[in-house]
Every structure is written in structure tokens, then in C-alpha cells.
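Right, one structure below, let's go through it.
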Protein chains: 2
Amino acid sequence: MSTRPYAQALKMIQDAGLRPTRQRLLLSKLLFERGEDWHVTAEALHEDVLKNGAKVSLATVYNTLHQFTDVGLLRQIVIGSGKTYFDTNTDDHHHFYDADEEQLQDIPQDSIILSGLPEAPDGSKIGRVDVIIQLEKD
Amino acid sequence: MSTRPYAQALKMIQDAGLRPTRQRLLLSKLLFERGEDWHVTAEALHEDVLKNGAKVSLATVYNTLHQFTDVGLLRQIVIGSGKTYFDTNTDDHHHFYDADEEQLQDIPQDSIILSGLPEAPDGSKIGRVDVIIQLEKD
DNA sequence: ATAGCTGCAAATGCTTTGCAAGGCC
DNA sequence: GGCCTTGCAAAGCATTTGCAGCTAT
């Protein structure tokens, strides 16, 4: 699968008891209407808002991205320089990371990578598994 | 394999043209003489210095950790809250991450995890592969 | 009406940097 | 002596927070 359709995103927002405010509607539109997987930082999304002639404060972008993550619309990934990316694709999948470009890229879903998992240490269980393949120039 | 022996670490420092200063000697001692894999933050290493009754500025700890990383003595890992960890084990291996404790843990080397890798996108090749398994409470 | 949101600016936390003083060869 | 290092304090960057004013229901 890939990015969730916009309509479904709206429903998830409301079901979670979040009010459909101007800001949240705009942000979900930008995030989910382009219909492709997107690895976006708060900064980048904020710029996208401005580029569309709208205005949402950066703090609200951050807060909203986290709320959307809590609700299951986004997935959060921390890498490289310590920047936080939000992935519009919440399915189990892994990433290429291009350190030069500071860009994330989905690994095609049919590339089989994981063959087995180790046992979790005592008292814990395995949650999410992140595989990040760093890319270098040829 | 595991953590590099102290003597070998000293040699690597000198071979790289780094002067064996008081600070660098102390830090390499703390890092490599305990003889076990360690996932340490600059802050934690700095505290360890103080606990030993010595003094090295935090800035120098940061700088030194990066120099050691450049020289191949350490491996850098960024996770969770965006904190930077330095791993005394530079071999290919992967990690459990306990978000509650903010602790990294090596995955036992005999746990086979990766079975195949996808092709790198055009113009790039695969560098390092990081697998991070998030742990949750039972 | 009122509980929830937003925006601003200030605060935070981690890390890096500029520069003067000190140490190694 | 000359270059590398260090330490301090200041700056930097990404992100979070406090709070007064606004908005959806």
C-alpha cells in the first residue's frame, strides 16, 4: 500500500476527536492529496503551506504532525543529523537514506529483506523494526 | 568481535596523526579499557570523566568522539529523541533500542537477520545498513 | 459558553564553533 | 617556534512550551 487517501485521513482525524480546523484540514490536504509517499520534515511542510499562499505557524505544524502521528496517520523517523521526518506511509516498510541529500526513500515493498528476528531481551517484546540503508555516491 | 583493545586504539589514534594528549588518552582509556561494547553519549562519557576525578570539557568530549569516529574507532548512531550515541563496537551489527530507558543494546551477532538487500537507486551504492529493533514492555 | 486550538515568542536540549590560552613535537 | 588542542562561553539548530486570544461545537 501507499499513502492513505485524503477522505480516509479526514475520517481518522474526526474519529480521534480532533476538531477539523482550518490548519488541520490544510495540512492533511497537503500531506495526503498528493497521493504519493512523502517523507517530510516540519520545516518542509511549513514551506509548502507558505508556497500555497496560506499561513500556519511552525509550532502548529509540529504539533499537528505529532497529533497525526498519535492518531496513526503518520509515522515518525529520526535519522542522520537528528532531524525528524514524518512518513505518510504507515505500512511496515523500510528506507534508503541519502546522507548527502538528507533524503529518505522507500525501499520497494517487494524487496525482501528480513529473514528472521532475534529474541527480545527479558521483560520486553519487539515493537517496530526499522531498517535504514545508507546510500553513498557510486 | 567486540570492543577493540586499548593498545590497538592508541595505535590508531597515532597512525591517524592525532596527538596523544592527556584528554585523548583518558577518553580512549575510558572507552576501550572496560573491554565491553558500550553505547555512550557525549554527556555520559563526560560524567564518567568527572566520576574518575578528572576534567575534560564537554566540548572536547564531543570533538574527540567525532575524531575517533573519523579514525574508525567508533561508530555513530542517531536515534530516538535525536540523541547521538557512539558505539565502541565498529563491526557490522545491529541494535535493540529501548525507548523507555533510552538505551541501546547490541543484537547478538549470531542472530541472523538480513537475508537479502534491495538494489540501490541509480547513481548510488549501498553503504552501511542499520537495523534498529524497538523494544516495548511485555 | 466552553473546551479545544492556534500563534507568537521565549525556552529548551543537544551539539557546534570562535577564539584566546596552553601543550606537544 | 609553530602548529595542533583545549576550554570556555556564545551561538546554532530543531523542537517544545506557556500563555493570551481565537474558534469550533
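Throughout, a chain's letter reflects where its sequence line sits, starting with A, and its residues are numbered from 1.
- Remark: side-chain polar atoms of B:Thr84 are not paired, donor with acceptor, to backbone N or O of B:Val78 under 3.5 angstrom.
- Residue B:Ser57 has a polar side-chain atom (N or O) positioned under 4.0 Å from OP1 or OP2 of D:dG7.
- With hydrogens and angles ignored, a donor-acceptor pair closer than 3.5 Å exists between the side chain of A:Arg19 and the base of C:dA3.
- Atom C1' of nucleotide C:dC24 and atom CD of B:Gln23 are separated by 12 Å, given to the nearest angstrom.
- If you check residues 7-16 of chain A against DNA chain D, you find no residue with a heavy atom closer than 4.0 Å.
- Partners of B:Lys125 according to the salt bridge (charged side-chain N to carboxylate O under 4.0 Å, His left out) rule, which considers only residues two or more places apart in sequence or in another chain, are A:Glu136.
- Note: B:Leu30 CG to B:Thr88 OG1 = 12.0 Å, rounded to the nearest 0.5 Å.
- The phosphate of C:dC14 has neither OP1 nor OP2 within less than 4.0 Å of any side-chain N or O from B:Thr41.
- Between the side chain of B:Arg24 and the main chain of B:Arg19, a donor-acceptor pair closer than 3.5 Å is present.
- Atoms OG1 and CD1, from A:Thr41 and A:Ile77 in turn, are 12.5 Å apart once rounded to the nearest 0.5 Å.
- Distance, B:Leu18 CG to D:dC3 P: 18 Å, rounded to whole Å.
- Using cut-offs of 30° and 60° on the angle between ring planes, the pair B:Phe32 and B:Phe68 is tilted.
- With rounding to whole Å, A:Leu25 atom CG is found 14 Å from C:dT6 atom C1'.
- Atom pair A:Asp70:CG and C:dG4:P shows a separation of 16 Å (rounding to whole Å applied).
- Between A:His93 and A:His39, the two ring planes are tilted [angle within 30° to 60°].
- What separates CG of B:Leu65 from P of C:dC14 is a distance of 15 Å, to the nearest Å.
- One atom, CZ of A:Arg22, and another, P of C:dC5, lie 15 Å apart when rounded to the nearest Å.
- OP1 and OP2 of D:dC4 both lie 4.0 Å or more from every side-chain N or O belonging to B:Thr21.
- Screening A:Arg75, A:Glu102, A:His95 for a side-chain contact (heavy atoms from CB on, under 4.5 Å) with A:Tyr85, the sole residue that qualifies is A:Glu102.
- Here A:Ser81 does not reach the OP1 or OP2 of D:dA14: none of its side-chain N or O atoms lies under 4.0 Å away.
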Just the atom pairs and distances: protein N or O near nucleotides 16-22 of chain D's N or O, under 3.5 Å.
residue: D:dT16; atom: OP2; partner: A:His66; partner atom: ND1; Å: 3.4

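- Whole-Å rounding puts the B:Lys83 NZ to D:dT15 P distance at 16 Å.
- In this structure, A:His46 has its ring center at least 6.0 angstrom away from the ring center of A:Tyr62.
- Comparing D:dT5, D:dC8, C:dC5 against the side chain of B:Lys55 picks out D:dC8 as the nearest.
- In this structure, B:Gln67 atom CD and D:dT6 atom C1' are separated by 10 Å, rounded to whole Å.
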